[in-house]
Protein chains: 2
Amino acid sequence: MEIKEKHSPNAEEKILSAAIKEFAEFGLAGARVDRIANRAEVNKAMIYYYFRSKENLYQTIINRHFTRIGKLLEEKIDPEDSPELIFFKLAQSYDAVFEKNGELVPIFLREVASGGDRMNKILVDILTKKGLVAKLQQIIDRGKRNGLFRKVDSRQAIISFVGMNLYYLIMSPIVNSVLEIKNQKEFRQKRQKEVVDLFLHGLEVK
Amino acid sequence: MEIKEKHSPNAEEKILSAAIKEFAEFGLAGARVDRIANRAEVNKAMIYYYFRSKENLYQTIINRHFTRIGKLLEEKIDPEDSPELIFFKLAQSYDAVFEKNGELVPIFLREVASGGDRMNKILVDILTKKGLVAKLQQIIDRGKRNGLFRKVDSRQAIISFVGMNLYYLIMSPIVNSVLEIKNQKEFRQKRQKEVVDLFLHGLEVK
DNA sequence: TTAGTTTAACTAAACGTTTAGATAATTATA
DNA sequence: TATAATTATCTAAACGTTTAGTTAAACTAA
């Protein structure tokens, strides 16, 4: 005899995690509310009961997760650490974030593709002013004053570092097949050191 | 008096360029065939006459443009040039490609987001084997033999260089607002030299 | 005439959303 | 404590709209 719980205590969470998968696979326009309901094993109307619309469900996911990840990254940076350690920790953190939140990558990319209005404000709030970016800028500027680093534009350098890291993490399926990378796990782990190494050699005076 | 050509000789081209705009703005799933027809100022049935389906129209665009851009980039690289010149030309070419083909960026991003099956093969064909990637690998390996470059992993270095370049070109709307970049045109132009400078200093032995 | 184009009108299916109501859990009242 | 009222959770079915794709007829140029 089957016991069917009427009041599932976690219908809302089931919808959210089903929706992440659906949006990741098909995007907002391509996502089907019926499919989300099926994946979550709830009645379709439940989605409208907890979230007022497909759009609102999507926005909820964006807000929750990008805020969470922004905070998570900022916590990792301790300005008391050496530049080497800071940039290595950051490279590690980027890698860990992508490892654990892979489903969000397609959502992020499609957001950028459509202008990123839903995500832009969140990222600016988290990263700017006293946040990650300001901290990194201080590290580089301090190094320049110390005579350790060359007189590079610190904002350009930050973009370069972030780009070196994120580009591979975002594009790894394509990059791996173009570069014929066999042992991807090993390549990805080695990459953390390689990136920091290249970046710091690029900054340091000869 | 207005002359209205009935048998417009370029309906096919008008559909294609209207479709690029539509796909860039809304993606494949969000694109509406009626809107493409309106933008192109042709009847909807014309789209099915020239291209059999929305999907096929989309694939046609992907094939045409990514093949074109891949070839364009490869032509820019002359292995006889110095490493400095090669990487600077490449940074310039990336910038020029994005400047002239900005509409394709959202299409590219959404392709990556959905696994890139439609685009992957084209990129591999163009970039790999005797292509751009092999040429760059030769430059770096030659530098290592010369004692000019440190013993870095050349594939990792290539990804880093491409990432430094493409990340900003792709994400510039977000990056510009996070870093509060005012004069974007100037920043973007300076970036070409900054990127090559950082990369080569990173490669060179001290 | 005839083959190649172009059109408006059409269809079947899919879609997001709403509805009306059922059931279970919680709270208020006597 | 027992019962009534209220609220929260859930469901099946349907609604009105939008969609990609079709079609049959009309127009154009040779």
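Chain identifiers are assigned alphabetically (A, B, ...) following the order of the sequence lines, protein sequences preceding nucleic acid strands; residue numbering begins at 1 within each chain.
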Assign each of Lys44(A) and Tyr49(B) to its nearest nucleotide of DNA chain C by heavy atoms, then name whichever residue's nucleotide is nearer the 5' end. Tyr49(B)
Give me each pair satisfying salt bridge (Lys or Arg N to Asp or Glu O under 4.0 Å) with a member in residues 29-38 of chain B, each pair once, sequence neighbours excluded. Glu22(B)-Arg35(B), Asp34(B)-Lys44(B)
Take the protein atom CZ of Phe51(B) and the nucleotide atom P of dT5(C), then report the distance between them rounded to whole Å. 14 Å
Ion pair check, Arg191(B) and Asp95(B), cut-off under 4.0 Å: no
Sequence neighbours excluded - salt bridge (Lys or Arg N to Asp or Glu O under 4.0 Å) pairs with any residue from residues 45-57 of chain B: Glu55(B)-Arg118(B)
For Glu22(A) and dC15(C), give me the distance from atom CD to atom C1', rounded to whole Å. 13 Å
Across all chains, not counting sequence neighbours, the side-chain contact (heavy atoms from CB on, under 4.5 Å) partners of Asn38(A) are none
note: Met46(A), atom CE; dA24(C), atom C1'; distance rounded to Å ~ 13 Å
Taking ring-ring contact (aromatic ring centres under 6.0 Å, His included) as the definition, give me every residue that meets it alongside Tyr58(A), ordered by chain and number, with sequence neighbours left out. Phe23(A)
dT6(C), dC10(D), dG16(C): which one has an atom nearest the side-chain heavy atoms of Tyr50(B)? dT6(C)
Quantified as the angle between the terminal helix axes (five pairs each), what is the overall bend of the helix from dT1(C)-dA30(D) to dA30(C)-dT1(D) to 10 degrees? 20°
Mind running a 4.0 Å heavy-atom check of residues 24-40 of chain A against DNA chain C and sending the residues that fall below it, in number order? Ala31(A), Arg32(A), Val33(A)
What is the distance, to the nearest angstrom, from the OH atom on Tyr48(B) to the P atom on dG4(C)? 23 Å
Arg188(B), Gln184(B), Lys182(B) screened by side-chain hydrogen bond (donor to acceptor under 3.5 Å, both in side chains) with Asn176(B), the one that passes: Gln184(B)
How would you list, by chain and number, every residue that makes a side-chain contact (heavy atoms from CB on, under 4.5 Å) with Ser17(B), sequence neighbours excluded? none
In this structure, how many angstroms lie between the P atom of dC10(C) and the CG atom of Asn43(B), rounded? 14 Å
What is the separation between atom NZ on Lys54(A) and atom P on dT18(D), rounded to the nearest whole Å? 15 Å
So, using side-chain contact (heavy atoms from CB on, under 4.5 Å) as the criterion, who are the partners of Asp81(B) when residues are at least two apart? Asp78(B), Leu85(B), Ile86(B), Lys89(B)
How long is the line joining CG of Asn56(A) and C1' of dG16(C), in whole Å? 14 Å
Go through the structure and list residues passing side-chain contact (heavy atoms from CB on, under 4.5 Å) with Glu25(B), not counting sequence neighbours. Arg39(B)
To the nearest Å, how far apart are Glu41(B) CD and dT5(C) P? 20 Å
To the side chain of Ser53(B), which of dT7(C), dT17(C), dG21(D) is closest? dG21(D)
